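So the structure is just underneath, and the comments pick up after that.
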Amino acid sequence: MKNFFGNKFFIYSFLLLYTFFIRIHSLTFEIISWDEATYILAGREILMGFLPYESFYEMKPPLLYYIYSIPLYIHSSVESVRIFGILCIFISASFVYVITKRYVDGYLSFLGSLFFISIMNYYFWLDTSSEIVCLPFILLSLIAFFKSKESNTYLFLSGLLISISTLIRLNIGYLAVFLFIYLIFKKNSFKEKVKELSLYIISGFIPIIILIILYYDKGLLNLLYTGTFEVPLAYASENTLLKGLINYLKTIVKLCYFNPLLFGPLVFLIVFSLFKKSSLSKDRIIFNIFFIALIFSTLVAGQGFSHHLVLILPFAIIYIISINFNSIMYKKLMVSLLLLTCIYSSYLSIGFNINLYKNDFNFRSNHKIREISNEIVNGEGSILALDYHLLYFYDQNLIPWKLIHTPAVVRNTTFDRLYPLVEIGYFEKNFVDKVLNKNYEYILCSTRICLEGRPNLDNDRIKEMLKKYKIVKRINNFSKWEHTKIGNLLLYKKLKKSD
């Protein structure tokens with residue numbers, strides 16, 4: 001057994017196989033979240049020669065869309081994006097192993113990586129989110145920052161990686177600020193301090209300068225600034241830090257209540273490990289800065305969405321694994337709880353994988369949006385997707401406006417969020433009215449948007465619009481909404497005068 005945990009080839013091979021085993025069934029779910037479909041559409045625009053925001057808008061930093069274009073370049077499909085997500089999780093799990101191996105035995109590091117992969121089997125984390133894409137860069141930047149004591153080259157690399165992470169998820173900018181403050185107050189000579197700060201700042205500006213050049217060449221610098229910073233800041237200002245804390249505490253409680261074997265052991269071990277001595281030793285300060293900065297950046301967002309916690313997850317696991325064991329009893333308890341989650345997650349995947357095998361690994365058997373797209377393309381008229389806007393990925397000619405994240409069209413806060421883009425002339429002042437007043441042949445949505453309504457949506461506007469339409473297709477239990485609610489797909493068709 002010692003030979004196994006000491007053999008890196010077997011360790012990484014097993015982690016890769018286990019990640020595929022746990023998440024390969026994610027390819028069967030056509031729709032998991034709004035966000036993933038949005039990033040897929042934006043990534044496709046990159047491959048068509050557009051800059052981020054140039055043809056369509058979504059308020060994530062521009063580098064995310066370039067990264068999404070990579071799997072789409074290899075194969076233009078949802079499946080390709082999900083496999084890319086699987087690889088990102090494998091890389092992140094490998095970095096968790098590398099980090100924890102510095103402080104604890106190989107088998108505990110290995111178990112911690114398996115634990116991370118297992119928790120990522122949670123249904124609403126099966127998509128390829130921006131957090132999943134961002135994690136490898138953040139974890140590698142942590143490893144590089146640890147090694148910056150050996151050479152300033154690693155500090156340069158860490159600054160570069162943190163800048164890349166920020167241009168994938170803007171809230172990582174808080175981590176960049178926290179580390180900048182640390183370098184200012186770090187105990188070293190003035191000359192060395194200036195050198196480190198210079199390297200850190202220069203490396204951080206490299207990706208930004210490249211983007212500035214690209215946008216300047218097309219005369220779109222104003223769009224880069226407004227789309228990357230002003231709109232997301234308007235979004236972040238909707239919640240206070242206290243409200244964010246309350247929202248995420250509620251989310252954690254719900255995660256443990258509805259998924260006790262996935263999240264219960266993790267939360268129990270975090271609480272049990274609080275204020276206990278860690279094996280992180282000389283790396284403790286740097287690790288704590290990363291950990292606290294990521295927690296802070298999540299709370300500032302304040303939305304309470306569970307997928308935001310993905311960025312914190314590996315750091316929580318590293319913290320748990322690195323605790324000094326004062327008793328063999330605690331060590332056995334920790335190992336047992338980690339194994340419990342791994343076994344449970346494997347059990348969940350076994351059933352899905354058996355069904356996949358029986359269906360000859362036909363991942364598209366329940367991809368109904370693709371079928372609807374084919375029907376409409378071969379049929380008549382335009383379509384408004386108030387939900388399930390992955391539809392626009394299957395045929396680019398269907399997209400009727402410049403806002404990719406289509407459920408936002410009927411959200412109450414949309415105009416306020418996007419007003420900076422109105423000011424620079426990207427959107428007209430009445431762009432929402434123009435979108436909703438257009439004469440569509442079809443409207444695609446979920447029952448939660450079109451029938452049930454939501455507090456943050458303009459429900460009266462939706463109902464008024466649907467008076468001119470009738471339901472021609474309904475697919476029950478098509479998608480899920482966190483934590484237990486089900487979404488049913490509805491396809492409306494415009495009423496004819498004879499109707």
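Note that the structure is predicted; figures quoted are calculated from it, not measured.
- A side-chain donor-acceptor contact under 3.5 Å links Arg82 to the backbone of Phe29.
- Under the 6.0 Å distance and 45° angle rule, Lys402 counts as a cation-pi partner of Tyr426.
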**Message:** Before you tell me yes or no, could you show the steps for Asp127 and Ser33 under side-chain hydrogen bond (donor to acceptor under 3.5 Å, both in side chains), namely the whole-Å CA-CA distance, both residues' side-chain angles and the distance that decides it to 0.1 Å?
**Reply:** CA-CA 7 Å; Asp127 61 346; Ser33 73; 2.6 Å; yes

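- Here the side chain of Tyr248 pairs no donor or acceptor atom with the backbone of Leu309 at under 3.5 angstrom.
- Between Phe361 and Tyr357, the ring-plane angle classifies as perpendicular under the 30° and 60° cut-offs.
- Considering CG of Asn366 and CG of Asn359, their distance stands at 10.5 Å, rounded to 0.5 Å.
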With a 3.5 Å cut-off and sequence neighbours excluded, list the donor-acceptor pairs that the side chains of residues 298-307 form with protein atoms.
residue: Thr298; atom: OG1; partner: Leu294; partner atom: O; Å: 2.8
residue: Ser306; atom: OG; partner: Trp125; partner atom: NE1; Å: 3.1
residue: Ser306; atom: OG; partner: Glu482; partner atom: OE1; Å: 3.1
residue: Ser306; atom: OG; partner: Glu482; partner atom: OE2; Å: 2.4
residue: His307; atom: ND1; partner: Glu131; partner atom: OE1; Å: 3.3
residue: His307; atom: ND1; partner: Glu131; partner atom: OE2; Å: 3.0

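- Side-chain atoms of Ser446 do not come within 3.5 Å of backbone N or O of Leu489 as any donor-acceptor pair.
- Heavy-atom minimum distance, Pro265 versus Pro260: CD-O, 3.2 Å.
- Side-chain contact, Tyr73 with Ser80: no donor N or O sits under 3.5 Å from an acceptor N or O.
- For Leu15 against Phe90, the heavy-atom pair with the smallest separation is C-CD1, 3.8 Å.
- Within a 6.0 Å sphere centred on NZ of Lys434, heavy atoms belonging to other residues, nucleotides or ligands number 12 at most.
- In this structure, Tyr57 and Phe427 approach most closely via the heavy-atom pair CB-CZ, 4.3 Å.
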**Request:** Please test Ile172 against Phe137 for side chain to side chain contact (heavy atoms under 4.5 Å, CB included), starting from the C-alpha separation and ending with a verdict.
**Result:** CA-CA 11 Å; Ile172 305 301; Phe137 296 100; over 6 Å; no

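- Across Ser345, Ser113, Ser346, a single residue satisfies side chain to side chain donor-acceptor pair (under 3.5 Å) together with Tyr18, and that is Ser346.
- Not a single donor-acceptor pair under 3.5 Å links the side chain of Asn121 to the backbone N or O of Arg23.
- Salt bridge status for Glu371 with Lys368: present, with a side-chain N to carboxylate O gap under 4.0 Å.
- When every heavy atom of Tyr319 is checked against every heavy atom of Leu274, the shortest pair comes out as OH-CA, 3.4 Å.
- Interatomic distance, Ile22 CD1 to Ser118 OG, rounded to the nearest 0.5 Å: 5.0 Å.
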**Request:** Report the C-alpha separation of Asp416 and Arg411 in whole Å, then their side-chain angles, then the decisive distance to 0.1 Å, and conclude whether the salt bridge (Lys or Arg N to Asp or Glu O under 4.0 Å) test is met.
**Result:** CA-CA 10 Å; Asp416 292 334; Arg411 188 177 285 125; over 6 Å; no

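- In this structure, CG on Leu262 lies 5.5 Å from OH on Tyr344, to the nearest 0.5 angstrom.
- Ring geometry for Tyr53 versus Tyr65: interplanar angle over 60°, hence perpendicular rather than tilted (30 to 60°).
- With rounding to the nearest 0.5 Å, the separation of CG in Leu384 from CG in Asn439 is 11.5 Å.
- Atom CG of Leu223 is separated from atom OG1 of Thr228 by 7.5 Å, given to the nearest 0.5 angstrom.
- Between the side chain of Tyr215 and the main chain of Pro52, a donor-acceptor pair closer than 3.5 Å is present.
- Here the side chains of Leu313 and Met120 are in contact, with some heavy-atom distance below 4.5 Å.
- Considering CG of Leu386 and CG of Leu466, their distance stands at 7.5 Å, rounded to 0.5 Å.
- Remark: Ser55 engages Glu45, Phe50 in a side chain to side chain contact (heavy atoms under 4.5 Å, CB included) (not counting sequence neighbours).
- Between Glu30 and Arg370 there is no salt bridge, since no side-chain N of the basic residue sits under 4.0 Å from a carboxylate O of the acidic one.
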